[in-house]
Amino acid sequence: APAIALTHVSKTYQGGVRALDDVSLTVARGTFLAVMGPSGSGKSTLMHCAAGLDVPSEGSVAIDGHEIGRLNETRRTELRRERVGFVFQSYNLVPSLSVADNVTLPLRLAGRAPDRDWVTTLVERVGLAGRLAHRPTELSGGQQQRAAIVRALVARPAVVFADEPTGALDLRTAHEVLDLLRDLVDELGQTVVMVTHDPGAAARAHRALVMADGRVVDTLDKPGAAELA
Ligand code: ADP
Ligand code: ADP
């Protein structure tokens, strides 16, 4: 099964806004997909439906082969915890916890014991081995986002959703973090869906979608920054 499959998905919010209009989309495993488009074009709604945070008004969504329309809210939350990771613009690390405790939180929330070797591998790979005992406020923005990336990957999710992951970073740090994320995607065969406004960020993805008015209006394989700007 693909990591994500959307089939004729539409989403109409209360009040009548049609945020998604008949979107069909398959994201193969191992793909780093960027979702672009102007504000209000439906990017967040697409991400929330694809991540099982919200349910479409019409059509179906399958995550790792599991159709979420068939699941109740409790099972959907379980599916997310088991198979989906998230990276946010604002990092969303817990300030009172060490880096070590932050990155293993998804496992502990899911009632699973952290695989120490895997955690160590990821932490070393992103260059945070010396920072495990630090609190998030003692890290730079780039380091906090590296910790958030480890947290997103720690449970070996089928797919990671990243919502403007570099929106709070300066351009150089942003592109360093994205190069790292792309290298991790390639090394692990990880699937990542990233919403971004930054053509330089999208250019680091394997594939980019451009949305407008709730529809996918363009798809680019191996996008370059120039054609996305
Ligand atoms: P983007 O992420 O591209 O900015 P969104 O998915 O947030 O786009 O929004 C798409 C459309 O849906 C917009 O017109 C927005 O105002 C509307 N919308 C988003 N969320 C809601 C909501 N909870 N209730 C009503 N309308 C919404
Ligand atoms: P619960 O119902 O157990 O409180 P949540 O739905 O709050 O679970 O969160 C489950 C997962 O979804 C968590 O990993 C959380 O980080 C993520 N999540 C919750 N809300 C959002 C959101 N608005 N956007 C992106 N991810 C979210």
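Indexing begins at 1, ligand by ligand and atom by atom, following the structure's order.
Heavy-atom proximity to Lys43, at under 4.0 Å, picks out these atoms of ligand 1: 1 (P), 2 (O), 3 (O), 4 (O), 6 (O), 8 (O). Within ligand 1, counting atoms from 1 as listed, the ones closer than 4.0 Å to a heavy atom of Pro38 are 3 (O).
Annotation: atom 27 (C) of ligand 1 to nearest protein heavy atom, Tyr13 CD1, 3.2 Å. Annotation: atom 10 (C) of ligand 1 to nearest protein heavy atom, Gly40 O, 3.4 Å. When only non-hydrogen protein atoms are considered, atom 8 (O) of ligand 1 lies nearest to Gly42 N, 3.1 Å.
Leu93 and Phe161 are not part of a single hydrophobic cluster, where members link through side-chain heavy atoms under 4.5 Å apart.
With hydrogens and angles left out, the side-chain atoms of Thr45 and Tyr13 include a donor and acceptor closer than 3.5 Å.
A salt bridge is defined here as a Lys NZ or Arg NE, NH1 or NH2 lying under 4.0 Å from an Asp or Glu carboxylate O, and Asp64 with Arg29 meets this definition. A salt bridge links Glu78 to Arg75: one of the charged nitrogens lies within less than 4.0 Å of a carboxylate oxygen.
Under the 4.0 Å distance rule, the nearest protein heavy atom to atom 22 (C) of ligand 1 falls inside the cut-off. For atom 2 (O) of ligand 1, a protein heavy-atom neighbour is present inside the 4.0 Å cut-off.
Heavy atoms of Gly37 stay at 4.0 angstrom or farther from ligand 1. At least one heavy atom of Ser41 lies less than 4.0 angstrom from ligand 1.
Checked by distance only, ligand 1 and Thr45 come closer than 3.5 Å through their nitrogen or oxygen atoms. Any N or O atom pair closer than 3.5 Å counts here, and Ala19 shares no such pair with ligand 1.
In this structure, Val154 and Val103 approach most closely via the heavy-atom pair CG1-O, 3.2 Å. Heavy-atom minimum distance, Glu82 versus Arg112: O-NH1, 4.4 Å.
Under the rule for a side-chain contact (heavy atoms from CB on, under 4.5 Å), the partners of Asp179 that lie at least two apart in sequence or sit in another chain are Arg204.
At a 4.0 Å heavy-atom cut-off, ligand 1 touches Val17 through the side chain alone.
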Enumerate donor-acceptor pairs with a distance under 3.5 Å from any side-chain N or O in residues 208-225 to protein atoms, sequence neighbours excluded.
unit_1: Arg215; atom_1: NE; unit_2: Asp21; atom_2: OD2; d: 3.1

